[in-house]
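I have placed the structure first, in the form of structure tokens, so that the comments after it can refer back to it.
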Amino acid sequence: AEHRGDQAGPGEHREVLETFRMFAHDQGWLRRLREAVMTGLTAEAAVERVQNDARAKLQRRTDPYMRERLHDLDDLANRLLHQLTGQPFVTALVVDPDNHDIVWAGVEIDGVYRSMDGGDTWTHLKEGLYDPDVHDMTIAQTRPKRLYVSTAAEMFMSDNLGDTWQVLGIRDKWPLPYARGMAVKPDDPRVLYAGCGETTTGERGHVLRTTDFGQRWEVLDFPTPANATLWGLATHPADPNRIVGFTLFGEVFVSDDAG
């Protein structure tokens, strides 16, 4: 794998990730959250108060870079509020490659839904999917097709369009317990890549690969250790051996030999 984290230019995506990291690790920001809670506010109200105070300060800044980071502050605060309130939100969408009327939606804190009519109606698919904290979904064009779901502490597979789910048991097979992004190799649906980490942020991360539908996994080598959880993975049919993975904090790893 080739490490692209230190070579990335100062583009918009890198700035967003660095701003997210700045707020998430800012001790003053965290201290103000704790102080707000100590005054008797709920955790949700504390986040909103600190968000509003920080927003007002950023709006007074003349530095255009810092003013542009307002939406990143709002994104971070909204993520915290989602976690605190348990409010569900969509984290993944998968469309059946052979029948575009069949769509699956992964919802963090509310499991998986399926539509058989292009999104007009939805069915909640719960049998065997005991962890509703869905992080990502992908589909492999095997026979039968296999639908994969990653959650905060497990991975699931369905070979009947989501009617029932099987547990893959990653806790006993992975070096780190937190599952995130996934990608199927475009020219070989037996090969699945998955990203993992310690927690939502964490200080370590790996990309793993299975060639037997999740029975066995191997950790792929990086030239340098990842700085956080491997948040997402991507492939492209034009170059099936090119695998791209990125961490929550903006490091990008690229492999041109399928890992």
Side-chain angles (χ1 to χ4, degrees), residues 1 3 5 17 20-21 24-25 30 76 79-80 82-84 86 88-92 94 104 106-112 125-140 146-158 162 164-185 191-235 243-253 255 259:
H3 179 208
L17 288 164
F20 186 93
R21 185 176 191 176
H25 289 270
L30 297 175
L76 176 60
R79 287 172 184 264
L80 281 172
H82 276 308
Q83 294 295 326
L84 290 170
F89 58 101
V90 175
T91 52
V94 172
W104 295 269
V107 182
E108 190 157 321
I109 317 298
D110 203 25
V112 174
L125 308 173
K126 296 186 286 187
E127 187 171 342
L129 189 67
Y130 63 79
D131 184 355
D133 191 4
V134 175
H135 287 169
D136 200 11
M137 299 178 64
T138 191
I139 191 169
R146 286 174 168 82
L147 193 67
Y148 293 97
V149 167
S150 66
T151 71
E154 189 53 88
M155 281 185 65
F156 300 83
M157 186 273 294
S158 174
T164 59
W165 297 90
Q166 304 171 33
V167 178
L168 295 187
I170 62 171
R171 282 185 173 275
D172 298 326
K173 303 172 183 177
W174 285 17
L176 298 173
Y178 186 78
R180 203 75 217 190
M182 296 183 295
V184 174
K185 195 168 188 290
V191 180
L192 175 68
Y193 299 91
C196 71
E198 297 170 309
T199 61
T200 303
T201 53
E203 297 180 352
R204 294 187 296 157
H206 300 290
V207 171
L208 301 103
R209 176 176 60 197
T210 179
T211 59
D212 56 9
F213 311 118
Q215 297 303 308
R216 292 170 295 181
W217 296 85
E218 59 180 320
V219 178
L220 304 183
D221 292 330
F222 285 160
T224 59
N227 66 358
T229 295
L230 258 293
W231 205 254
L233 293 160
T235 59
I243 315 298
V244 180
F246 66 91
T247 72
L248 176 62
F249 292 149
E251 278 191 316
V252 178
F253 295 88
S255 172

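Being a predicted model, the structure only gives us computed values, none of them experimental.
Here the side chain of Thr211 pairs no donor or acceptor atom with the backbone of Val191 at under 3.5 angstrom. The closest donor-acceptor contact from the side chain of Asp136 to the backbone of Met182 lies under 3.5 Å. A donor-acceptor contact shorter than 3.5 Å links the side chain of Ser158 to the backbone of Thr164.
Under the salt bridge (Lys or Arg N to Asp or Glu O under 4.0 Å) criterion, the residue pairs touching residues 191-206 are Glu198-Arg204, with sequence neighbours excluded.
Residues passing the salt bridge (Lys or Arg N to Asp or Glu O under 4.0 Å) test with Asp212, sequence neighbours excluded: Arg216. By the ring-ring contact (aromatic ring centres under 6.0 Å, His included) test, Phe156 is found to be paired with Tyr130, residues two or more places apart in sequence or in another chain being considered. In this view, Thr229 satisfies the side-chain hydrogen bond (donor to acceptor under 3.5 Å, both in side chains) rule with no residue, not counting sequence neighbours. Listed by chain and number, the residues in a side chain to side chain contact (heavy atoms under 4.5 Å, CB included) with Lys126 are His124 (sequence neighbours excluded). Applying the ring-ring contact (aromatic ring centres under 6.0 Å, His included) rule to Tyr178 yields the partners His135; only residues at least two apart in sequence or on another chain are considered.
A distance of 5.0 Å separates CD1 in Ile170 from CD in Glu154, rounded to the nearest 0.5 Å. Ser255 OG to Leu233 CG: the interatomic distance, rounded to the nearest 0.5 Å, is 11.0 Å. Rounding to the nearest 0.5 Å gives a distance of 7.5 Å between CG of Leu168 and CD of Gln215. Note that CH2 of Trp217 and NZ of Lys173 are 8.5 Å apart. Values are rounded to the nearest 0.5 Å.
Taking every heavy atom of both residues into account, Ala140 and Tyr148 meet most closely at CB-CE1, 4.0 Å. The minimum heavy-atom distance between Phe253 and Thr224, with the atom names listed, is CE2-O, 3.6 Å. Nearest heavy-atom pair, Gly205 versus Ala226, reported as atom, atom and distance to 0.1 Å: O-CB, 3.6 Å. Here the shortest heavy-atom pairing between Val112 and Val149 reads CG2-CG2, 3.8 Å. Of all non-hydrogen atoms in Pro175 and Val219, the two that sit nearest each other are CG-CG2, 3.8 Å. Between Val134 and Thr91, the closest heavy-atom pair is O-OG1, 2.8 Å.
Checked against Leu230 for a side chain to side chain contact (heavy atoms under 4.5 Å, CB included), the options Leu176, Val207, Leu248 give a single hit: Val207.
You'll find the side chain of Val252 reaches within 4.5 Å of the side chain of Val244, heavy atoms only. Residues Leu208 and Tyr193 have side chains not in contact (no heavy-atom distance under 4.5 Å, counting atoms from C-beta outward). At least one side-chain heavy atom of Leu147 sits under 4.5 Å from a side-chain heavy atom of Trp104. In this structure, Asp110 and Phe89 have side chains that are not in contact, with every pair of non-hydrogen atoms separated by 4.5 Å or more. Leu192 is listed as a side-chain neighbour of Met155, based on a closest heavy-atom distance under 4.5 Å.
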In sequence, state the C-alpha distance, the side-chain angles, and the governing distance for His206 and Leu220, and then conclude on side chain to side chain contact (heavy atoms under 4.5 Å, CB included).
-> CA-CA 7 Å; His206 300 290; Leu220 304 183; over 6 Å; no

Evaluate side chain to side chain contact (heavy atoms under 4.5 Å, CB included) for Arg146 paired with Phe213, printing each intermediate quantity in order.
-> CA-CA 9 Å; Arg146 286 174 168 82; Phe213 311 118; 3.5 Å; yes

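Remark: the Asn227 side chain and the Thr247 side chain contain an N/O donor-acceptor pair separated by less than 3.5 Å.
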